[in-house]
Amino acid sequence: MPNPSSVGLTGNARISSLLGLNTGVLTAFARSPADEIRADAERLSHIILEMQRCFVLRLSKQLAPGNVSFPQFFLLTYLDQKEVLTMSAIAQKMGHTTAAASGLVARLENLGYVLRSVARDDRRKVMVCITAKGSALVRRIREEMVGNLVKILDHLTPDEQKVWLQIYGKIYDYCQSK
């Protein structure tokens with residue numbers, strides 16, 4: 001059992017660095033809370049990148065047959081949640097220029113995943129909606145992700161599952177506010 005004073009922010013035993021001095025004596029230096037947070041953030045960074053690699057690799061294999069890129073798929077998932085979006089709203093959501101968003105939409109339209117039309121009240125506004133084919137693609141890939149997450153959740157206790165969902169909910173809320 002680790003000494004309570006040596007437990008870091010994650011609850012793991014703190015790993016102190018050792019420095020050899022000229023006298024041959026090794027002296028242990030405790031890490032500051034800022035160092036602990038930095039170490040925890042570095043570990044989380046590694047975990048997140050590995051999880052993304054795992055999920056994105058599977059997602060890539062799913063998207064390859066339809067020749068849909070990640071940005072196009074992310075746009076489809078967003079459109080699947082909304083009824084209709086303007087081209088400028090899509091550009092803003094994707095962090096692109098309107099011209100770049102138009103290119104994404106054109107490719108998806110050519111594949112039959114979205115439809116473009118002009119607004120009735122203002123013909124300058126281009127409106128975009130997802131098709132049944134686009135919704136089916138999103139649904140199929142989400143189902144695959146749900147299956148993968150169920151496999152991961154099976155490795156956690158019910159309490160850990162709830163905590164994971166709570167933490168990810170907070171992270172999601174933070175990301176949505178940006």
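Quick note: residue numbers are just sequence positions, from 1. Just so it is clear, the structure is predicted and the values come from calculations on it, not from any experiment.
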Original post:
Given side chains that start at C-beta, do those of F70 and F74 come closer than 4.5 Å, heavy atoms only?
Top reply: yes

**OP:** Would you give the length of the straight line joining atom SG of C175 to atom NZ of K170, rounded to the nearest 0.5 angstrom?
**Re:** 14.0 Å

Original post:
Are V128 and V138 connected in the hydrophobic side-chain network, where two residues link if heavy atoms are under 4.5 Å apart?
Top reply: yes

Original post:
Does R43 CZ have over 12 foreign heavy atoms under 6.0 Å away?
Top reply: no

Original post:
Do you know the tightest heavy-atom contact between E160 and T157?
Top reply: OE1-N, 2.8 Å

**OP:** Answer yes or no: is there a side-chain heavy-atom contact under 4.5 Å between N148 and E144?
**Re:** yes

Original post:
For the atom pair OG1 (T77) and CD (Q81), what is the distance rounded to the nearest 0.5 Å?
Top reply: 6.0 Å

Original post:
Do L108 and M87 sit in the same hydrophobic cluster, where Ile, Leu, Val, Met, Phe, Trp and Tyr count as joined when their side-chain heavy atoms come under 4.5 Å apart?
Top reply: yes

Subject >> Side-chain touch M127/T86, heavy atoms, less than 4.5 angstrom >> reply: yes

Original post:
Mind checking whether Y168 and W164 have parallel, tilted or perpendicular rings, split at 30° and 60°?
Top reply: perpendicular

Can you list, pair by pair, the side-chain donor-acceptor contacts under 3.5 Å of residues 90-104, counting residues two or more places apart and other chains?
from: T97; atom 1: OG1; to: A100; atom 2: N; distance (Å): 3.0
from: S102; atom 1: OG; to: R116; atom 2: NH1; distance (Å): 3.3

**OP:** Could you state whether Y172 and I48 fall into the same hydrophobic cluster, counting links through intermediate Ile, Leu, Val, Met, Phe, Trp or Tyr residues with side-chain heavy atoms under 4.5 angstrom apart?
**Re:** no

Original post:
Considering residues at least two apart in sequence or located in another chain, which fulfil the salt bridge (charged side-chain N to carboxylate O under 4.0 Å, His left out) criterion with E143?
Top reply: none

Original post:
Do other residues, nucleotides or ligands put more than 12 heavy atoms under 6.0 Å from the NZ atom of K125?
Top reply: no

Original post:
Is there a side-chain contact between L111 and R107 (heavy atoms, below 4.5 Å)?
Top reply: yes

Subject >> Same apolar cluster: F73 and V146, side chain cutoff 4.5 Å >> reply: no

Subject >> Student check: side-chain heavy atoms of I167 and I171 closer than 4.5 Å >> reply: yes

Subject >> CG on L76 to NZ on K133, rounded to 0.5 Å >> reply: 11.0 Å

Original post:
Under 4.5 Å between any side-chain heavy atoms of D80 and R139, yes or no?
Top reply: no

**OP:** Find out if a path of hydrophobic residues (ILVMFWY) with successive side-chain heavy-atom gaps under 4.5 Å connects L44 to M51.
**Re:** no

Original post:
Which atom names give the shortest non-hydrogen contact between V114 and V105, and what distance separates them?
Top reply: CG2-O, 3.7 Å

Subject >> Nearest-0.5 Å distance that lies between atom CD in Q161 and atom CG in L149 >> reply: 11.0 Å

**OP:** Ignoring hydrogens and angles, tell me if any N or O in the side chain of T131 forms a donor-acceptor pair with the backbone of Y113 under 3.5 Å.
**Re:** yes

Original post:
Nearest heavy-atom pair of I130 and L79: which atoms, and what distance?
Top reply: CG2-O, 3.9 Å

Original post:
Salt-bridged, E42 to R38, with N to O below 4.0 Å?
Top reply: yes

